[in-house]
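Only one structure is covered here, and it is reproduced in the block below.
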Protein chains: 2
Amino acid sequence: MFQNIRAYYFRLMPHLTEAEWQALEERLTIKIYIKGDHIVKQGEVCNQVYFINSGFLRFYKIIDGKEISTGFMGANQYVSSYDSFLTRKPAFENLQALEDAELHCLSYDDMQFLYKQYPVYQMFGRVIAEQLFIWVNERTNALLLLSPEQRYENMINNQSEVLQRVPQYMLASYIGVTPEHLSRIRKKMMGR
Amino acid sequence: MFQNIRAYYFRLMPHLTEAEWQALEERLTIKIYIKGDHIVKQGEVCNQVYFINSGFLRFYKIIDGKEISTGFMGANQYVSSYDSFLTRKPAFENLQALEDAELHCLSYDDMQFLYKQYPVYQMFGRVIAEQLFIWVNERTNALLLLSPEQRYENMINNQSEVLQRVPQYMLASYIGVTPEHLSRIRKKMMGR
DNA sequence: TATACTTCTTAACATTTATCAAAGGGAAAT
DNA sequence: ATTTCCCTTTGATAAATGTTAAGAAGTATA
């Protein structure tokens with residue numbers, strides 16, 4: 001049932017015991033979403049962290065009536081409106097299934113329980129937060145230091161799965177340009 | 001000697017014991033930097049986390065021969081080239097004292113020791129990483145969703161200390177525009 | 001199949017921001 | 001007091017990106 005997420009945890013924490021794992025496993029729930037469904041809506045507090053067993057998700061928000069995609073995640077990744085989850089404040093973003101998805105869910109209360117009862121999960125929380133920090137930090141640098149064209153090239157080189165699964169107009173807003181401009185960038189890059 | 005950082009830790013972890021604190025305290029070292037000094041240089045691995053007891057620091061990097069400031073930090077803040085510290089890879093950024101500074105330092109090895117020996121510090125590492133994530137996440141959103149003018153307004157409202165301590169051309173690169181353009185933004189905002 | 005719908009492309013034009021150059025102002029040094 | 005240096009402002013021009021509108025290509029739906 002939980003092979004993928006189990007492998008994920010044991011890879012991250014090789015010394016995790018079966019007892020510790022079971023304390024987690026018995027708190028996991030499974031949710032199925034179909035394409036287009038919302039897992040978290042802007043304005044709600046996010047009460048879960050999700051492990052993507054299968055499917056493909058995105059974060060997006062509406063600004064001035066326009067959709068702006070802010071992240072894409074596929075199978076075997078952890079995902080959450082983590083700032084909302086941590087601060088217990090309403091989420092700024094929507095989390096949506098771009099393809100049918102099976103998620104394994106852990107609630108905020110259960111996670112706090114695990115933190116308290118099993119110190120090893122403090123380490124898990126630390127490593128997750130560290131990875132998220134590293135990831136967001138890279139994204140900030142890309143937005144501050146690279147041109148839209150360079151950001152698109154980065155995606156081609158490092159996130160080709162996203163390119164294949166996501167319509168171009170979502171990509172455009174993720175890169176920080178209009179769909180029309182991304183189209184021009186692609187044309188300009190054709191020769192290479 | 002270590003009142004400030006001590007208060008910081010106990011505020012973050014009210015149940016910290018004296019024994020746990022002392023294990024940390026005896027591993028702290030003090031370093032003094034004068035205005036202009038580099039604490040971490042681009043290309044070096046960052047081996048310390050720093051607590052700013054006094055002074056003012058910035059991160060910056062050189063791109064195409066131009067300086068771009070990527071962060072400013074003042075007293076009673078934690079600071080580190082944290083992605084380099086975590087990944088043990090060379091830092092992408094320079095960390096520099098903009099004013100004379102006294103830093104309290106903890107090495108990577110000592111931190112790993114504390115993580116292993118005192119589980120409470122796993123929680124500390126988690127909370128630090130979580131705070132960093134929330135902070136960088138906000139910055140990403142500002143860069144993706146706000147205009148340069150709005151980003152400058154944000155700094156006026158939320159980081160006025162930075163405005164007072166940092167020359168305008170450093171601010172400009174932090175906001176993501178040229179110094180000339182920031183000057184025009186300021187002119188345009190004069191009326192309000 | 002026909003129709004509607006969504007996405008992508010293209011073009012003309014508008015706006016924002018960068019670049020380059022020069023001048024002004026203030027602080028530190030002589 | 002004068003000079004020098006660094007920072008900021010200003011102006012003219014150029015480059016990058018957004019906006020609007022239209023059409024093309026592909027896909028789902030009746």
Side-chain angles (χ1 to χ4, degrees), chain A residues 34-37 56 58 60-70 72 96-100 142-156 160 162-192, chain B residues 34-37 56 58 60-70 72 96-100 142-156 160 162-192:
Chain A
I34 65 169
K35 183 174 175 170
D37 279 355
F56 204 75
R58 71 155 172 165
Y60 76 97
K61 59 184 92 178
I62 309 280
I63 304 281
D64 298 335
K66 286 173 201 158
E67 250 183 37
I68 300 186
S69 296
T70 54
F72 306 98
Q96 182 188 38
L98 288 182
E99 304 173 6
D100 296 356
L143 287 171
L144 187 62
L145 305 173
L146 303 181
S147 66
E149 184 172 338
Q150 290 171 315
R151 293 200 287 274
Y152 180 62
E153 272 177 342
N154 266 8
M155 296 208 68
I156 293 175
S160 55
V162 174
L163 286 250
Q164 288 156 17
R165 299 225 209 177
V166 167
Q168 212 167 287
Y169 74 93
M170 289 187 189
L171 217 56
S173 65
Y174 181 77
I175 289 171
V177 296
T178 58
E180 295 88 344
H181 192 64
L182 178 55
S183 180
R184 281 193 288 243
I185 288 172
R186 284 162 51 81
K187 188 179 179 186
K188 187 175 154 199
M189 289 171 60
M190 288 292 286
R192 303 173 216 166
Chain B
I34 65 169
K35 184 175 173 170
D37 280 354
F56 204 75
R58 71 153 172 169
Y60 77 95
K61 58 184 91 178
I62 308 280
I63 305 280
D64 298 335
K66 284 173 204 160
E67 249 183 39
I68 300 186
S69 296
T70 54
F72 306 98
Q96 182 188 39
L98 289 182
E99 303 172 5
D100 296 354
L143 287 171
L144 188 63
L145 306 172
L146 302 181
S147 66
E149 185 171 339
Q150 290 171 315
R151 293 201 287 273
Y152 180 62
E153 272 177 342
N154 265 6
M155 296 209 67
I156 292 175
S160 55
V162 173
L163 287 248
Q164 288 155 17
R165 299 226 208 177
V166 167
Q168 211 167 288
Y169 74 93
M170 288 186 189
L171 217 55
S173 66
Y174 181 78
I175 289 172
V177 297
T178 57
E180 294 90 339
H181 192 64
L182 178 54
S183 177
R184 286 185 188 109
I185 288 172
R186 283 161 52 82
K187 188 179 178 184
K188 187 175 155 200
M189 288 172 61
M190 287 292 287
R192 304 173 215 168

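Order of the sequence lines sets the chain letters (A, B, ...), proteins ahead of strands, with each chain counted from 1. Note that the structure is a prediction, hence the values are computed from the model and not measured.
- With rounding to the nearest 0.5 angstrom, the CD atom of B/Q150 is 12.0 Å from the CD1 atom of B/I175.
- B/L182 has its CG atom 17 Å from the P atom of C/dT16, to the nearest Å.
- Spacing between atom NZ of A/K188 and atom C1' of C/dT10 amounts to 17 Å, rounded to whole angstrom units.
- For A/L146 and D/dT17, the CG to C1' distance is 17 Å, given to the nearest whole Å.
- Within the 3.5 Å criterion, the main-chain N or O of B/R58 finds no donor-acceptor partner in the side chain of B/Q96.
- In this structure, CZ on A/R165 lies 13.5 Å from CE on A/M170, to the nearest 0.5 angstrom.
- B/S173 places a side-chain N or O within 3.5 Å of a backbone atom of B/S69 that can act as its donor or acceptor partner.
- At a threshold of 4.0 angstrom between heavy atoms, the contacts of A/P148 are confined to the sugar-phosphate backbone, with no base atom among them.
- For the atom pair CE of B/M155 and CZ of B/F72, the computed distance is 6.5 Å after rounding to the nearest 0.5 Å.
- Straight-line distance from the CD atom of B/E67 to the P atom of D/dC7: 9 Å, rounded to whole Å.
- Between the CD1 atom in A/I68 and the CD1 atom in A/I63 there is a gap of 5.5 Å [rounded to 0.5 Å].
- Between B/F56 and B/V162 there is a side-chain heavy-atom pair separated by less than 4.5 Å.
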Please write out each protein N/O paired with an N/O of nucleotides 11-14 of chain C under 3.5 Å, distance rounded to 0.1 Å.
from	atom 1	to	atom 2	distance (Å)
C/dA12	N6	A/R184	NH1	3.4

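- For the contact set between residues 163-171 of chain B and DNA chain D, defined by any heavy atom under 4.0 Å, the members are B/P167, B/Q168, B/Y169.
- D/dT27 atom P lies 12 Å from atom NZ of A/K35, rounded to whole Å.
- Look at CD1 on B/I68: it is 11 Å from P on C/dA18, rounded to the nearest Å.
- In this structure, A/H181 places its NE2 atom 9 Å from P of D/dA16, rounding to the nearest Å.
- The minimum heavy-atom distance linking A/I156 with A/M189 is given by the pair CD1-CE, 4.0 Å.
- A close approach under 4.0 Å does occur between a side-chain nitrogen or oxygen of B/T178 and OP1 or OP2 of C/dA18.
- Distance CZ/A/R151 to CG/A/L171: 11.5 Å, rounded to 0.5 Å.
- With rounding to whole Å, B/R151 atom CZ is found 14 Å from C/dT16 atom P.
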